[in-house]
2 protein chains.
Amino acid sequence: MESGLAIKALGALAQEQRLEAFRRLVQAGDGGVAAGTLAEAMGVPNSSLSFHLAQLSHAGLIVQQRVGRSLIYRADYRAMNALVAYLMENCCGGAVCSPVPSSIPQKAERSAA
Amino acid sequence: MESGLAIKALGALAQEQRLEAFRRLVQAGDGGVAAGTLAEAMGVPNSSLSFHLAQLSHAGLIVQQRVGRSLIYRADYRAMNALVAYLMENCCGGAVCSPVPSSIPQKAERSAA
DNA sequence: GTATTAATTCGACTATTATGGAAATATGAA
DNA sequence: TTCATATTTCCATAATAGTCGAATTAATAC
């Protein structure tokens, strides 16, 4: 991933409503969510959410698909993977950034405290 | 990591100069870099870089330490770890986000000791 | 065709962020 | 103390981002 795209993706996620919207889309999985449904669930005006979805979309983090009158949005996991990979490669000293998802029992905390 | 802090960290990295500054600090490792040295290396006015360093600092991604007349800045790897972990847990479907950046040359020089 | 539903784009506004020179603060040296 | 260095804070300004009602486009149904 190129740094300009990473910056766009980071900026897209760096906002309360957008982060929440993205999280909901991730949770919704492959089925995705229609724009209006999402706006109502979040208690945000349609036009505001539309603005935020456009930003996420422009950053490549979500994709849209028209189904009848609705526009279904879905998280693009590959883009998210690419972003996480970028951060680990470029911002974690080139070494392992100890990714450790919480479900895995942890052996020991390193010197950290 | 709490979502408010994640948003701050994401926002801190979502800017060209700040992302570059952070990357340079990561590369510099434990020795850190003085503010002025970094500003000159990046070709950015001192006052501008100071503003950006303050943002990174406020987001918890870097720390500062005075050494004589200089202020040395260092990347805080734990904060970065926490951010990556947050993204993987909350924005990758709760499952593995297939991080695997294949072969990274392990640099081995880090606080682990 | 008109009406209804779903969503976006427009427009006007407010708020936040970024920029960089000048002034202020902090340290160390003569 | 006075001078030089290192960096921040202040200030004014420019630029970008966020908000949301109203107008517009798109699809479907009657």
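Convention: sequence-line order gives letters A, B, ...; per-chain numbering from 1.
Two residues are said to be in side-chain contact when any heavy atoms from C-beta on lie closer than 4.5 Å; R23(B) and S3(A) meet this criterion.
Look at CD on E16(B): it is 17 Å from P on dA15(D), rounded to the nearest Å. Rounding to whole angstrom units, CG of residue L49(B) and P of dT8(D) are separated by 8 Å. In this structure, N46(A) places its CG atom 15 Å from C1' of dC10(C), rounding to the nearest Å.
Looking at residues two or more places apart in sequence or on another chain, you find no salt bridge (charged side-chain N to carboxylate O under 4.0 Å, His left out) involving R66(A). Residues forming a side-chain contact (heavy atoms from CB on, under 4.5 Å) with L38(A) (at least two apart in sequence, or on another chain): A21(A), R24(A), L25(A), V33(A), M42(A), L49(A), L53(A). Applying the side chain to side chain donor-acceptor pair (under 3.5 Å) test to Q65(B) and every residue at least two apart in sequence or in another chain returns R74(B). Residues satisfying the side chain to side chain donor-acceptor pair (under 3.5 Å) criterion with R78(A), sequence neighbours excluded, are absent altogether. With sequence neighbours left out, the side-chain contact (heavy atoms from CB on, under 4.5 Å) criterion links Q64(A) to L71(A), Y73(A).
The hydrophobic cluster around V67(B) extends to I72(B), counting ILVMFWY residues whose side-chain heavy atoms fall within less than 4.5 Å of a member.
Residues of residues 34-42 of chain A that place a heavy atom closer than 4.0 Å to DNA chain C, in numerical order, are A34(A), A35(A), G36(A). The stretch residues 56-76 of chain A touches DNA chain D through R66(A), G68(A), R69(A), each having a heavy atom within less than 4.0 Å of the strand.
The side chain to side chain donor-acceptor pair (under 3.5 Å) pairs that include a residue from residues 40-63 of chain A are R18(A)-H52(A), where partners are two or more places apart or lie in different chains.
Here CD1 of I7(A) is found 13.0 Å from CG of L10(B). Values are rounded to the nearest 0.5 Å. A distance of 8.5 Å separates CG in L83(A) from CG in L5(A), rounded to the nearest 0.5 Å.
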Inset, instruction - Sugar-phosphate atoms are those with a prime plus P, OP1 and OP2; base atoms are the rest. Using that split, label each nucleotide of nucleotides 16-23 of chain D B, S or - for protein heavy atoms under 4.0 Å, 5' to 3'. - result: --BBBBB-
